[in-house]
Structures are given as structure tokens and as C-alpha cells.
Amino acid sequence: MPKTTDDSIKDFRGVWVYVEHADGKATGVSWELLTPGRHMADALGVELGVMIVGDSGSRLATEAFAYGADIAYIIDGPVFSHYRTEPHMRAVVHLINKYQPEIFLLGATVTGRDLASAIAIEVDTGLTADCTQLGVDVEKRLFEMTRPAFGGNIMATILCEQHRPQMATVRPRVMPMPARQPGRLGRIVREELELKEADIATKILKFFPTESEGVNIAEADIIVTAGRGVGSAENLRMIEELAQATGGVVGASRAVVDLGWISYAHQVGQTGKTVRPRLYIAVGVSGAIQHLVGMQNADTIIAINNDPEAPIFSVASVGIVGDLFEVVPELTRQIKAAREQAAANV
Amino acid sequence: MSIDTEKIRAGIEKELYVNKYNVDEHQSHLRVKDPEVCNKCEDKPCTYLCPAGVYVWESGQLTVQYSGCLECGSCRFACPHDNLEWGYPRGGFGMVLKMG
Amino acid sequence: MHVVVCVKQVPDTTQVRVDPVTNTLIREGIPTVVNPFDYYALECALSIKARFGATVTLISMGPPDAVKSLKKCLAYGADRAVLLTDRAFAGSDTWATSYALSAAVRRLSQDEPVDIVICGKQTIDGDTAQTGPGIARHLGWQQVTYSTGVEHVDPDARTITAERKLERGKEIVRTTLPVVVTVVEDAPEIRYASLPGIITSLRYTPETWSVQQVDVELANLGLKGSPTKVKRIFAPPQRSGGEVVSVEKAGLVDAVKSAVDVLHTQGVL
Amino acid sequence: MPEKFDVIVVGAGLSGLSAAYTMVNKGLNVIVIERGDYPGAKNVMGGVLYRQPTSEVFPEFWKEAPVERPVIEQDMWLLSDASAVKAGHRSEAWAREPYNAFTVLRGKFDAWLGQKVADAGALIVPGTTVVDLLRDGRGRVIGVRTNRPDGDLLANIVILADGAVSLLSEKIELHTRWKPNQLALAVKEILAPPGKSDERAKIIEERFGLAPGEGLTIEMYGALTKGMVGTAFLYTNKDTLSFGVGALLSDYAEFKQNPHALLQIAKQHPALAPLFAGCEVREYAAHLIPEGGYDAIPPLFADGVMVVGDAAQLCNGLHREGSNLAVTSGKLAGETAIEAHNKGDFFGKTLSAYAAKLNDTFVIKDLRKYRRASQHMEKNRQFFTSYPAMLNNMATEFFTVDSVPKREKQWKIFKMAGNKLKIAADLWGLFKVVK
């Protein structure tokens, strides 16, 4: 396996970020990765590259430069119009083999994980999944990739010493968005790849945009959870409204599920699902340990409870002590207003 | 003598978290036969003698929080009106004791 | 048709706790379980067997004790189970693991050509979601990751049609056999094993293969064959409570506003 | 067509596994059906396993089995609200082979035992609940129904080892539903001192005055059960403690007590709290204990079926014995099944040999001897309330040095005892029950 020996890995230079995009828009994490990418490129004294496979390459390159990239490697062609593992993998492998970056970052999205896993084997290198902290040992030119393991109970820092590029997928919304500098310029490198549709085994037959059928709280970005304090199954409507306003889904504590107000699929906690959303709003949840272990890794936690002693407040980013029947409708109203305003500004 | 069931339940809730359960998402192994009978039941012993706090009298109704059940069977024998349809969880579900 | 399901015996991470004093992982007494996602993979395979006809073989790589998990899975209706167990495999990262498993699939293909390998989308201990695609690349096969289920397999045309779950929706893809499919938890839940199935599994002894039974280069296995190494393990920073505002003191609108402000600053909205 | 076995055993506890092991060793085709994920996953007892009866079925089991500690000291405490009178016996002879008793954790021990029985040739089906018995037109038990798909199995004999709740023996009307005063409800916590396993073991040995590896048991009567007929117990495991409290189910109802709350309060008793300092709860379990005694024992057999262990109310509450009765009854039922198998006759008449054999053992002899014990205790609550308190007061007076002349002190203590005639009558009553 190890075709990259001590000697040959010295030739690898540069920090790269893969720009994942669909319908002409890049995913947020693609630009977020330019923040650590820029840091590491500067520290190592190399250029920060992005890799754009598929149409809208030039326009996305301009965006990438504005977010801090120095070079954009573009491979375009009709076979790349929708993401499929094989053609995209071939394109990226081609670029890696030709330009030899030392560090390569992708978002830990469905596509990013699918693609990165395939590339790592194809170019014979290591890959660290779902990182939340990135660092670099400048002297040894080693990429330090830190990720949660064991269900988030421990953190592990991983190295890939003998192989290049050093690859990682990084969780979305962990790295801050870089400041946008409109007009910032960079270099575009276009590559061609001989790949015909007939050579590609996989065809996409249909695509259905997300509808809100069914819940999958384990993967939800925003969860509004009802606890026993909500009082009755009827009152869950108020929780649903708040979830709708935030664009999230409804979760429930064990008590609420056991009381039969909502199905088990919604249950968060030790006996339910462990969740790691961006935003977790706990309404009328006291916060038994069995619940806390299931949700304490959420990025932002808002807790609403009339008992100031409720344990849920010990993990909340913001706690509101008050009557949830007053607080929830007001929160719904303010979030709706904020979102409308944000939409108007775009 | 009266007991603070709310406080006891909070204590139990905290304690049950150390146990491991494979919760049967599809069916409860405990069922109230006739809710009307519970309504008329004066003492409602299930609401205080269950070691897992499974039974909660709430809004005029007996709710059965079966997922934390310790499967001891006390409620079955203690119900003065034989109003519980009591069974074991489906095989492979329910509590899993590591020490026992 | 021959469908292979990859099964991993993992520590039950929901039972893992952190010592409040030393802030280290309490590992003792943690039971091992079948990786929960693998049950979805198994159900997917059994459903293919029921609809299109197939032999279902389970493979696992792990310590000898992992036969326990293989037998448990066999009860659901699989036909054969093989455990890849050897000191040489210990310490493998996803590269080396998928390399070893791909060698096992090659070996199984000698008995009956393998058409489909199905894995859970990831394991609960490693959480990488890399082993499935890794097997596909080592074998040079197609891959369908994050699948909610296989809709159709056409053994004559050598194609498979499956649904994939993406962040922004779902897609139906068709690709050619042989293929590696990884399955998400939105896929149908595992059936309730039949009693004869359980009894069969109790009487069954999984085959155990060492490095001798598979065609592998020793240098590619275990710690030695793993490009990534763990440098350091540490406890995650403890979360501490943030600001708590009271409606009584701050007033309803302002109390709520302070929460919405946090959402703004953290960029959640 | 369901598969047929010589014998189906329902429940992989001590009685069921003992029966199964006895039978497979004589070549019978035995299947054990257990509702837990593995043997032990649902099994709860205080935690004392007696060496002699167990080794009758599993010779020298302690050499391989995951036992916790050999019991070298057995203590009895009588508690008032804030004090304790302690008595006990310690014997170094118990620290050596052949041993008297061990503390065990059933989750670990039964898993081991199950494996041993499986290795001997029994099929142990985990994760499967038997919901009914199959009977032929004449009411003879011919198999079991589980709630698994294709879940029926046939057998010549079914042995019910399904524990204290035993829905199955009730279903075939071997007995009517137990009354709440025929059952005790016990709850138990596994408590772990701080630190790693070896550090925890050391803490336990220091706190309880034990040499490395040795264990003790404490049975407690008095204030902890709040007037209910019951006991509390504390056993030392390898690196954890088992602490539990139990009382008659009917008493919880009458006294409006919650067992969990009772346990939490008990842990705070000044005589106990220091022993639990820094301990963390590792597991919480509850269990019913048959207390009906001799008169509650159901018919132990019928055509094609035998009942063993807790399911047959074989438990000696007064002496904290249950596991030994379970093992012995399981063994005898197993032996009877072997005889029936050899004769090819599975009717009740043949199986009645099981009851006859059991009658000749300590199991029935002891239960007969103590047949009135449970009712006696229920009617004489002073043994759990005023007497422990009184004894504590007397002890406090006796040990308090306060310049009161000894003669005066003795008189004072004598007066504390109150109605001497009543005490004498109670003691005589107790003597008659246990004699």
C-alpha cells in the first residue's frame, strides 16, 4: 500500500478545500473550511486552493477568492452536473495526483463523506472523519485533526504522518465563516478529464427535495423538545409552531412519550435518540440526567422552564425562567420576525 | 400519611438512567384494562408503590410510563381491582441488568 | 445472488460514562452490542433475500468474542457467518479495516460470487462512515452510501436501484453490480427474529478466518497498515450553563429577546 | 411443525439452569427459554449464594464462576431511627474451601452459569418470552408458545422456572393469583465507591474490616422499614456493594410507602451513611420475593409439567434463603424428568416423584417448620417497630457512662422493657413459630 514514502511526501505542498455545491450554490461548510484552511496555508507558507468539480465553476471560484482562496482548480463537464461518487472521485484524484496538496479538507456532509472515503483509498492515504478542531505542527508539517469519538465522550487527535494528502472531513458549522472580501482575486487552473456518460455506471433516476414527512431527530439541525411541563398532548401544537418557525423538528422527553402524547421516534435521551443539533430548545423539560446525556452536545441550547432549579439550566446556553405558555408564543413571534427580516435583507 | 409522589418520581427518574433498557417502541407490556375503574379507585396504590414510578395520575387519567419498568410485577398483585393487563416485555426488550 | 452484510461488535457507547473526578472514560463493565446501524444493513439484506432470492453471508472483523454478535445476527435469517480474527488485524484504522474486509469478500466470492455488500452507515464507536466506501474502493466496486433501502435488484441486467438520503432531499440511483451499499437508520427497522431462526443460530458455529485464510499483505494490516494514528485522547471540555434570565425580572419580551440575540450572535438563525 | 424437545425449561435462573444441567448431563435434549437478552439480564436477588446446595449441581463452581466474595462474616443489626444494636458471627473457616456462601451478582453469575449449561449441551434461547403453555385435548401440557414468529415448541415435559410472578403456573391454574401479603417487594442498588476496580475493592475492605477478597453480609431489622414487615440488607461484592430493602407488598400499600424513597432514606441512616460515602449508584433493580411459605406452595406438578424455584413459592424469607431452594428443586425436577424420560411416561403420577423427593429435603421440611412465620410476623409488628427501638434505648443506656450507679442503671433498663409478660409471650410465640 504505502506508495507515498518519506521521500515522496515532501513534494506535497498546499492546503486544499473541496467546494461542494448543488444548483449553483456552494454548501456553507465549503466556505467555512476556508477559515482553518487560510490559517494553515499561512502557517505553512503555501497557497490555499479550492477544488470545484462541475458547472458554475468560474462563478464559485470568484466566491472562493472572496472568502480567501488563492487558487481554484476547476474540472467541468456534463458528467459532473449532479454529484455522483465515481466521476467526482476521478476528477479529484486526477487533481490530487497532478498538484499534490499536503492537506485536503472536505465538509462532513453526506456528499463530503461519500467522496472523501472513496478518494482516501484511491490515493492511498489516511482520512479523519467529522473533525471539530484542526491544527498544524508547522515544523513537521503535520496536520492535527481532532474529532469526537465514542459517542462524543472523548476527543481524539489524529495524525497521518506517512501519507499525503492528509485528509479530513469537518463538521459543518464548527468553523466560523471567513470574512468576505469582494473583489479579492485568485488564479484559476482548469483541467480536462476524459470522462463520457457512457463510462459511468451510476445514474440518478429521480430526486425529491426534502419534505417534512416523518421525523429524524437524530439528524435534525434544530430540535424543539417538549417536556412534561407542556401539560397535555393538545399543547404540543404550540411546540410544533415554534419548531416550524425555527425550521426544526419536534422532540420529546421520555415522560412525554410514555404519556402517549407523541411517538417514540421523537424521544431524546438515554432511552431515546442521542442528538447533536445546531440548536436545541427544551420547553418544560426538567433535565433528568438521562435526558441531558442525549442532548448536551447540541451547539446552542435554549431552556424554558418555570423552575429556576431545573437541571436543564446547567447545560443551557440561555435559560428563560418563566411560564412556558407565555414564553413559547413570544419566542415563536420573535423568531418569525427575525427570520422575515433576514429574508428581506438577502 | 401522604407522600410527595412528585419528588419521589424525580428521584426515580434520575436513578433509572443508570439502568440499561431496550425500549420496545411498538408496544407497551403494561395496559390499564378499564380507565374508569382507576378513576374510581380511591387509593391508587400503583401510583406510589411502583419502584420505577411507572404509574402517574395526571389530568384525571392513569398514565403508564412503561419504558422505565423494572418488571418486578408489584403493580399486578397490588392493584386492588385487578385492572392491569400485565405481561413481560417482548423477548429481548425491557431492562437489561448488567449486575442484577 | 450473494449478499454480504458487514457486522461490527462495538462497546455500547450509550453506557459509556466519564469519571467525574478524573474526567476519563469509564470503560469497565461496558457491554458490547451489535453496532445498531448494522441491523438496518441486515434487514436490507434479508429484504433483498425475500424479494429477489439471495444467500446472505455475515462477516465481521474483531476479537474471537465477536462470534456472539455474528450468531445474534444470524438468528434474523442469514445463511452463513464468518469472523475475521487475528492479532494482525488489531489496531486497524478505516483504511486497513476496509482492506481486510475487502479481502474477506474476495475470499467469499470464491465460494459464490458476491454481488452486494451492505454495511450500516457508520459505527457508534468510530462514527466515521468510511469503511463501507473503503471496501468499495478496495474492490473497485460501485458504492451507494446513505441508502434508505434497495428498491430493486436485477440479477440479469446486473443492476441495483436504491434510494439515498441527502441533506436536501432524496434521490433514486441505479448502478451496476457488484456494489457496496451503506444503510441509514431511516431504513426499515429490523424484523423480530423467528424462534426457529434463533434456534438455528444457537446451533451454528461461525467460521473463523485468520490472515492465512484471506489473501492479504501483512504490511497493510493493523496498526502498521493504518495511515492514521491516534496521537492523543482527551476529555471534551465540559459544558457550563450560560445566562439565565427570568421573565419575572426582565419582562417577557426582553427575556425572550436575550435568547433570540444569542441565536443571532451564534448564527443559528 | 414445531420442533420437539425432551424437556423445555422456562426461565434461565438458578432453578431452571439447575434442572437443565442435571438433564443434559444424562443426555436429554433440553431447551431453556429465557426472556432476557442473556441469562441474568432479568434476574435479581439480594446476592448470597450458598456453596453446598449449589455445588450439588455445579461441583466446585466457585473455581471458575464469577463469584464476588466468600462470606466470612454474617451480621444482624437492629436499628432504631438513629442507633443500632449489632450482633454477628465471623468465621475464618468460611474464608477457605469448601466455603459456606458467596456474594454474587446475578447478571454476571447467571451469564456464566448459562454458558456452562449451554456448553454441556442445552440450547439456551435468550430474548424470548413464553406467553402460554400448549396443552392437548386432555389438558396435558405438551409445549410452550412464545411471542416470536413461528414461536411454538413441543416437549414431553415443561419445567416452569419462570420466577416469582410465574404467569404460566397461574395460567394453567396450578394456583390462583398470589395475594399482596404473600409477596415481598425488594429494591436494591448496586453502589460503587469511587475509583478504579482495585481501589474500590480496597475501600470496601477498609470500611468493613475485611481481608482482601473476603466478604460479609448484614441483615437489618427495625427502623429502616418504617413499621412495615421487612428487612434491609447490605452485601459486599468485589468492588461494589449491594444494598436493598424489602417489605411485604401489602404493607407498602397500607403504609403508603414507595420502595425507592424507602431505600434512599435507609442509606442516610447514621449507622449506614459512612459505609456509602462517595458511592455512586451503578444499577437499580426491583424484585418480588415469594413469602407465602409452606401454605402457598402450589401443586408442584401436573401432567407434563413441573414447577420449581420462586415460581413454586420455594423461599425461606426468615432465613434469607431462596437460591438454595431454587437449585435443589431444579435438580430434583431434573432428576424426575430423567426418570420419566427413561420410562417414557410423563403423566402427573410419574412426575409426582418430584414432589415426594422435595418433601424429603430441607426445602419442604424448613418451609413446613416455618409455615406460620410470615403470618406471625405480620400480626406481631412489634418485632419490626417497638422492640428494635426498645433494645436500642436499652443499649444506649447501658453503654452511656453518666455517673449513674450500675444498680440504678440496671433497674432503669429493666423498666425500659415495659410489659415483661407481653415480651415473654411474644418471645414464646416466636419460639413456637421457629422451633
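Every chain is numbered from 1, with letters handed out A, B, ... down the list of sequences. Treat the numbers as computed from the prediction; the structure is a model and nothing was measured.
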Checklist entry - Side chain, backbone, both or neither: which part of A/Met145 has a non-hydrogen atom closer than 4.5 Å to chain C? => result neither
Checklist entry - How many angstroms lie between atom CE of A/Met155 and atom CD1 of C/Ile233, to the nearest 0.5 angstrom? => result 11.5 Å
Next on the checklist: Is it the case that atom CD in C/Glu167 sees more than 12 heavy atoms from other parts of the structure closer than 6.0 Å?
Outcome noted: yes
Checklist outcome for this item: Between A/Gln334 and C/Val253 the two heavy atoms that sit nearest each other are NE2-O, 3.0 Å
Item to check | Residue pairs passing the side-chain hydrogen bond (donor to acceptor under 3.5 Å, both in side chains) test where at least one lies in residues 251-263 of chain C, sequence neighbours excluded | outcome: C/Lys257-C/Asp261
Item to check | Which portion of C/Lys249 sits near chain A, non-hydrogen atoms under 4.5 angstrom | outcome: neither
Checklist entry - In Å and rounded to the nearest 0.5 Å, what is the CZ to NZ distance from A/Phe208 to C/Lys165? => result 14.0 Å
Item to check | A/Ala120 versus chain C, the contacting section by heavy-atom distance below 4.5 Å | outcome: backbone
Next on the checklist: Keeping C/Gln130 on the side-chain end and A/Leu127 on the backbone end, is there a donor-acceptor pair under 3.5 Å?
Outcome noted: yes
Checklist entry - What distance separates A/Thr202 OG1 from C/Glu171 CD, expressed to the nearest 0.5 Å? => result 9.5 Å
Checklist entry - Does A/Asp137 CG have over 12 foreign heavy atoms under 6.0 Å away? => result yes
Checklist entry - What closest approach, in Å, do C/Trp95 and A/Thr125 show between heavy atoms, and which atom pair accounts for it? => result CD1-O, 3.4 Å
Item to check | Side chain / backbone / both / neither for A/Gln166 at chain C, heavy atoms under 4.5 Å | outcome: neither
Item to check | Distance-minimising heavy-atom pair for A/Ala129 and C/Asp127 | outcome: CB-O, 4.5 Å
Item to check | Candidate pair C/Tyr146 and A/Arg113, rule side-chain contact (heavy atoms from CB on, under 4.5 Å), full reasoning | outcome: CA-CA 10 Å; C/Tyr146 297 91; A/Arg113 285 177 151 207; 3.0 Å; yes
Checklist entry - So how far is it from C/Leu252 CG to A/Leu331 CG, rounded to the nearest 0.5 Å? => result 10.0 Å
Checklist entry - Where on A/Thr128 is there a heavy atom nearer than 4.5 Å to chain C: the side chain, the backbone, both, or neither? => result both
Checklist entry - Where does A/Asp23 contact chain C at under 4.5 Å (heavy atoms): side chain, backbone, both or neither? => result side chain
Checklist entry - In terms of heavy-atom proximity below 4.5 Å to chain C, should A/Ala22 be classed as side chain, backbone, both, or neither? => result side chain
Next on the checklist: Looking at A/Glu330 and C/Ala255, would you say the former's side chain and the latter's main chain have a donor-acceptor pair under 3.5 Å?
Outcome noted: no
Checklist entry - Quick one: of A/Asn306, A/Thr246, A/Asp114, A/Val318, who has the most non-hydrogen atom pairs under 4.5 Å with chain C? => result A/Asp114
Next on the checklist: The test is side-chain contact (heavy atoms from CB on, under 4.5 Å); show your working for C/Leu263 and A/Ile302 and say whether it passes.
Outcome noted: CA-CA 9 Å; C/Leu263 298 186; A/Ile302 296 182; 3.7 Å; yes
Item to check | Residue of the set C/Val173, C/Thr161, C/Ile172 for which side-chain contact (heavy atoms from CB on, under 4.5 Å) holds with A/Lys206 | outcome: C/Ile172
Checklist entry - Take atom NZ in A/Lys336; do more than 12 heavy atoms of anything else shown fall under 6.0 Å from it? => result no
Checklist outcome for this item: Output for pair (C/Lys231 NZ, A/Thr157 OG1), nearest 0.5 Å, gives 6.5 Å
Item to check | Residue part contacting chain C, namely of A/Thr146, when any heavy atom lies under 4.5 Å | outcome: side chain
Checklist entry - Tell me, do C/Arg164 and A/Val110 make a side-chain contact under 4.5 Å, heavy atoms counted? => result yes
Next on the checklist: If I measure from the heavy atoms of chain C, does A/Ile320 come under 4.5 Å with its side chain, its backbone, both, or neither?
Outcome noted: both
Checklist entry - Do you know which two heavy atoms are closest between A/Ile121 and C/Ser98, and how far apart they sit? => result CD1-OG, 3.9 Å
Checklist entry - In terms of heavy-atom pairs under 4.5 Å with chain C, which of A/Glu86, A/Arg339, A/Arg84 leads? => result A/Glu86
Checklist entry - Measuring from A/Thr111:OG1 to C/Arg168:CZ, what's the distance to the nearest 0.5 Å? => result 7.0 Å
Next on the checklist: Shorter than 4.5 Å, heavy atoms on both sides: which option in C/Asp125, C/Val10, C/Thr123 has the most such pairs with chain A?
Outcome noted: C/Asp125
Next on the checklist: Is there a side-chain contact (heavy atoms from CB on, under 4.5 Å) between A/Val321 and C/Val244? Walk through the geometry before answering.
Outcome noted: CA-CA 7 Å; A/Val321 179; C/Val244 176; 3.5 Å; yes
Checklist entry - Who among A/Ala118, A/Ala303, A/Pro176 has the most heavy-atom pairs with chain C under 4.5 Å? => result A/Ala118
Checklist entry - Using non-hydrogen atoms and a limit below 4.5 Å, what part of residues 133-142 of chain C faces chain A? => result C/Pro133, C/Gly134, C/Arg137, C/His138, C/Gln142
Checklist entry - Please walk me through it: do A/Ile158 and C/Asp93 pass side-chain contact (heavy atoms from CB on, under 4.5 Å)? => result CA-CA 11 Å; A/Ile158 314 279; C/Asp93 74 352; over 6 Å; no
